[in-house]
Amino acid sequence: MRLQGKVAIVTGAASGIGRATAVLFGQEGARVMCADLNGEGARAAAEAVAAQGGEAAWTQVDVSREEDVQRMVQETVQRFGRLDILFNNAGVELAAPVTQVPEERWDWLLDINLKGVYLGCKHAIPEMLKVGGGAIVNTASGAGLMGIAGLSTYCASKGGVVLLTKSLAVEWAAQGIRVNAVCPGVIRTPMVERGLRTLGGTADPEEAWRRLGLVHPIGRVGQPEEVARAVLFLASDEASFITGVALPVDGGWAAGPTPRQFAP
Ligand SMILES: NC(=O)c1ccc[n+]([C@@H]2O[C@H](COP(=O)([O-])OP(=O)(O)OC[C@H]3O[C@@H](n4cnc5c(N)ncnc54)[C@H](O)[C@@H]3O)[C@@H](O)[C@H]2O)c1
């Protein structure tokens, strides 16, 4: 068990990548606080962790609100006695050309995707210092490494997450806190499912997933569990000499274009 004795917070735990990671963390011995804006979903995630033999609690939190994030950290420490791992994963997407992005939607997205990561780190780090260190993993995106037409707001937020990650890695390395990011490609989760018809360019869901898969040299979309395994590695002591990386988990997407992405 790679996280035996550790206490972890997973934000965005109700769905997709967060839920898969919460379950995997539990299987690897961590006690997991499942946090999400969707309280019912967070509760269901905690139950899923328990069903796999793990130990978990849940809390409803809006990661863009400082009082919520502060409470999330306090509840975790009250319940489990310490904090070792924070997976800042909650996020939202917005697809529109910049000329059609209302100012309040820009603020909404940046508040969740970028400010939420800052708030999580701000309140988790003091607790990690009390136990001699910790590991933070932030969910950035391939969209934090490359510009993507129609996703400028999202790309700006995730590019911000990448450099926030690197800055905090340097800032806290000497105190034993590692800070890394994962940069997923297109992953089969409800977030993508919601925009599937537009993103995939067809009303046939399986055909849409197939077409989305073609942006990756590996030729398919990823599964949430494939991201969770990378997060587990970065959060565990196996990554003890790794900090400040933005790790693509993307079937080769960030490595360069593939002719297959132009296939019909
Ligand atoms: N799915 C992909 O293709 C993909 C690719 C790259 C990066 N990501 C990133 O991965 C992360 C997880 O995405 P997912 O695909 O699992 O999406 P998802 O929609 O399945 O899950 C996101 C979760 O975040 C929660 N959330 C949203 N706003 C919140 C808030 N203000 N406070 C707390 N929780 C909130 C939602 O309720 C949901 O449970 C996001 O940061 C997303 O940007 C996803």
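Remember, it's 1-based here, ligands and their atoms both numbered in the order they're listed.
For atom 13 (O) of ligand 1, the nearest non-hydrogen atom of the protein is Met191 CE, 3.9 Å. Counting only heavy atoms of the protein, atom 12 (C) of ligand 1 lies nearest to Asn89 OD1, 3.4 Å. Looking only at protein heavy atoms, the nearest one to atom 4 (C) of ligand 1 is Gly185 O, 3.9 Å. Annotation: atom 3 (O) of ligand 1 to nearest protein heavy atom, Ile187 N, 2.8 Å. Counting protein heavy atoms only, atom 18 (P) of ligand 1 is closest to Ser15 OG, 3.5 Å. In terms of protein heavy-atom proximity, atom 36 (C) of ligand 1 is nearest to Asp36 OD1, 3.4 Å. Nearest protein neighbour of atom 16 (O) of ligand 1, counting heavy atoms only, is Ile17 N, 2.9 Å. Nearest protein neighbour of atom 1 (N) of ligand 1, counting heavy atoms only, is Thr189 OG1, 3.1 Å.
Contact annotation for Val192 and ligand 1: only side-chain heavy atoms (C-beta onward) come within less than 4.0 Å of the ligand. Heavy atoms of Ile112 found under 4.0 angstrom from ligand 1 belong exclusively to the side chain. Under 4.0 Å from ligand 1, the heavy atoms of Ala140 that appear belong solely to its backbone.
Of all atoms in ligand 1, numbered sequentially from 1 with element shown, those under 4.0 Å from a heavy atom of Val61 are 32 (N), 33 (C). Atom numbering of ligand 1 starts at 1 in the shown order; those under 4.0 Å from a heavy atom of Gly16 are 16 (O), 20 (O). Each of the following atoms of ligand 1 lies closer than 4.0 Å to a heavy atom of Pro190: 20 (O). Within ligand 1, the atoms closer than 4.0 Å to a non-hydrogen atom of Ser141 are 6 (C), 7 (C), numbered from 1 in the order shown. Less than 4.0 angstrom separates some heavy atom of Val186 from each of these atoms of ligand 1: 3 (O). Ligand 1 places these atoms under 4.0 Å from at least one heavy atom of Ala14: 39 (O).
For the atom pair CG of Asp62 and CG of Leu37, the computed distance is 5.5 Å after rounding to the nearest 0.5 Å. Note: His123 NE2 to Met128 CE = 13.0 Å, rounded to the nearest 0.5 Å.
For the residue pair Leu86 and Cys121, the shortest heavy atom distance occurs at CD2-N, 3.9 Å. The minimum heavy-atom distance between Val23 and Gln52, with the atom names listed, is CG1-CG, 3.7 Å. Across every non-hydrogen atom of Gly5 and Arg31, the tightest pair is O-NH2, 4.0 Å. A pairwise comparison of heavy atoms in Phe233 and Ala239 identifies O-CB, 3.2 Å as the closest pair. The two residues Thr11 and Asn89 make their nearest non-hydrogen contact at OG1-N, 2.8 Å. Closest heavy-atom contact between Val117 and Asn113: CG2-O, 3.3 Å.
Where the criterion is an N or O separation shorter than 3.5 Å, residue side chain and backbone included, Val63 meets it with respect to ligand 1. Close N/O approach between Pro184 and ligand 1 is not found [any backbone or side-chain N/O within under 3.5 Å].
Between Asp111 and Ser64, the side chains place no donor N or O within less than 3.5 Å of an acceptor N or O (distance only, hydrogens not considered). A donor-acceptor contact under 3.5 angstrom links the side chains of Thr59 and Glu75, judged on distance only.
Considering each of Phe87, Tyr154, Trp108, the one bringing a non-hydrogen atom nearest atom 8 (N) of ligand 1 is Tyr154.
Side-chain contact between Ile9 and Met72 is present, with at least one heavy-atom pair separated by less than 4.5 Å. Val170 is not listed as a side-chain neighbour of Leu168, based on a closest heavy-atom distance of 4.5 Å or more.
Ligand 1 is approached by Lys158 to a heavy-atom distance shorter than 4.0 Å. Ligand 1 does not have Gly142 within reach: every non-hydrogen atom of the residue lies 4.0 Å or more from it. Between Arg194 and ligand 1 there is a heavy-atom distance shorter than 4.0 Å. Contact annotation: Asp62 has at least one heavy atom less than 4.0 Å from an atom of ligand 1.
Ring orientation note: the planes of Phe87 and Phe25 are tilted relative to one another, at an angle of 30° to 60°.
If you run side-chain contact (heavy atoms from CB on, under 4.5 Å) between Val186 and each of Val192, Leu214, Leu199, Asp250, only Val192 comes through.
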